[in-house]
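Here is the structure we will look at.
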Amino acid sequence: MSALTAVLYGALLVYGAGWWLGYWIGNFSLLLFVLTVVTLAYWLAERFKFAPARVAAAEALTAQDTQRRAELGKMGISQVDGNVDSARERLLMQPWWLDWTAGLFPVILAVFLLRSFLFEPFKIPSGSMVPTLLVGDLILVNKFHYGVRLPVINTKIIQNNDPKRGDVIVFRYPVDTRVDYIKRVVAIPGDEVTYTNQQLAINGQLAPVQPQGDFYDEDSMRYAPRFTEKLGAVAHGILVDPKRASIYRPMESFVNFRDNCRYTAEGVSCKVPAGHYFVMGDNRDNSQDSRYWGFVPDENIVGRAFMVWMNFGNLRRIGSFD
């Protein structure tokens, strides 16, 4: 078993190193599920096989020592050399390969349940959600706000709230579901969404916008005009540069419901199909979103982002951004 455990840890090391170095895209949900199953198997084996076997061996050693001392006592020998206590402790000691598998099962199980059904952490890798979220923000995502899904297969088993206009969501990128994206919901099923001349309109009504002066983007090291936009009951910041030409063209990967969108020189207009959402980044001139690759299916939604729990470069970022 020690050799098998070493092989499993070696495979885990190779997988993690390849993921870190960019040789492949890892699936942490699947990895955590596999670790939970494997450590559970070790935990069950420890509880019902290995631990009882060690206890039986320790008890047999104690019985043998007791019998030997009794036989020597009959011969008048009361002083007997040797102490089996240390040997008994060694017999009862959990070997390293069980300590690093069965011993970790409760912790891995707790992380798996917490991450799968309650909250999941994510790191903001790009500036597409500036000024709401900055590069380096570590955010928390509510996994049950939109319903409870089975981990790994992402099948919804309990319905909860539906995404609303203005919600910030994390979802599996429709073009490559191994990658997670974060954007803001701007249109829900049945909406007619239009983004022309850098203005957003939902069902023919322009989203209210108020200028807020310039915003200095530390990532791009430039100033950009900042506005407050209101979607439903949610007021949030956006960056829009009126001097920057915006040309929208669908990506080749935009296949599903491509006919629901019309592209012109001024912008794009789409009818959101049932069970799908139209999302955009708050950094409107620096965001690859539904304007280019299409709609987000409901089954791709991971959860609702609601707070920054850490930014090691700026602790003042910690807190809710709703």
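Treat the numbers as computed from the prediction; the structure is a model and nothing was measured.
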Let me see the working for E229 and R165 under salt bridge (charged side-chain N to carboxylate O under 4.0 Å, His left out), right down to the final yes or no. CA-CA 12 Å; E229 180 182 78; R165 301 185 194 96; over 6 Å; no
Smallest separation among heavy atoms of L134 and F215, with atom names: CD2-CZ, 4.2 Å
Let me confirm one number: the CD1-CZ distance from I318 to F312, rounded to the nearest 0.5 Å. 8.5 Å
Is the number of heavy atoms from other residues, nucleotides or ligands under 6.0 Å of Y9 OH greater than 12? yes
Between A187 and V272, which heavy-atom pair has the shortest distance, and what is it? CB-CG2, 3.7 Å
When the ring planes of H276 and F295 are compared, do they come out parallel, tilted or perpendicular, using 30° and 60° as the limits? perpendicular
Hey, do the aromatic rings of F306 and F119 have their centres closer than 6.0 Å? yes
E299 backbone acceptor or donor facing R172 side chain under 3.5 Å: yes
Report yes or no: does D167 contribute a side-chain atom to a donor-acceptor pair with the main-chain N or O of K164 at less than 3.5 Å? yes
Ring center gap for Y42 and W100 short of 6.0 angstrom: no
Where V185 and P163 come nearest, the two heavy atoms and their spacing: CG2-CB, 4.4 Å
Donor-acceptor contact below 3.5 Å, side chain N203 vs main chain E192: yes
R178 to Y173, cation-pi by 6.0 Å centre distance and 45° axis angle: no
Give a yes-or-no answer on whether the side chains of D285 and Q198 include a donor-acceptor pair shorter than 3.5 Å. yes
For the CG atom on D259, are there more than 12 heavy atoms of other groups (residues, nucleotides or ligands in this structure) within a distance under 6.0 Å? no
Can you tell me if Y223 has over 12 outside heavy atoms packed within less than 6.0 Å of its OH? no
Decide if atom CD of Q210 counts as having more than 12 heavy atoms of other residues, nucleotides or ligands within a radius under 6.0 Å. no
In this structure, which one of I238, V279, V234, L133 forms a side-chain contact (heavy atoms from CB on, under 4.5 Å) with R184? V234
Verify, without hydrogens or angle tests, whether N311 (side chain) and R317 (backbone) share a donor-acceptor contact under 3.5 angstrom. no
Between F33 and L40, is there a shared hydrophobic cluster once you connect ILVMFWY residues whose side-chain heavy atoms come closer than 4.5 Å? yes
Tell me the closest heavy-atom pair linking A305 and I182, and the distance in Å. CB-CD1, 3.9 Å
Do K271 side-chain atoms and P189 backbone N/O form a donor-acceptor pair below 3.5 Å? no
Is K156 atom NZ crowded by more than 12 heavy atoms from other residues, nucleotides or ligands, each under 6.0 Å away? yes
Is a side-chain donor-acceptor pair under 3.5 Å present for S29 with R115? yes
Going by distance alone, is a donor N or O of one side chain under 3.5 Å from an acceptor N or O of the other, for S128 and Q288? no
Got more than 12 heavy atoms from elsewhere within 6.0 Å of CH2, W24? yes
Note: M280 and D289 closest approach over all heavy atoms is CA-OD2, 3.4 Å
After noting the C-alpha distance and the side-chain angles of D282 and K183, does the key distance pass the salt bridge (charged side-chain N to carboxylate O under 4.0 Å, His left out) rule? CA-CA 8 Å; D282 290 345; K183 304 291 179 186; over 6 Å; no
Is it the case that T62 and R88 place a side-chain donor and acceptor less than 3.5 Å from each other? yes
Near R258 CZ, under 6.0 Å, is it more than 12 heavy atoms from other residues, nucleotides or ligands? yes
Do Y15 and Y23 have side chains that get closer than 4.5 Å, going by heavy atoms? no
Short side-chain to backbone donor-acceptor contact, N161 and H145, under 3.5 Å: yes
Shortest non-hydrogen contact between K230 and A207, atoms and distance: O-CB, 3.8 Å
Would you confirm whether the ring centroid of Y292 sits within less than 6.0 angstrom of the ring centroid of Y248? yes
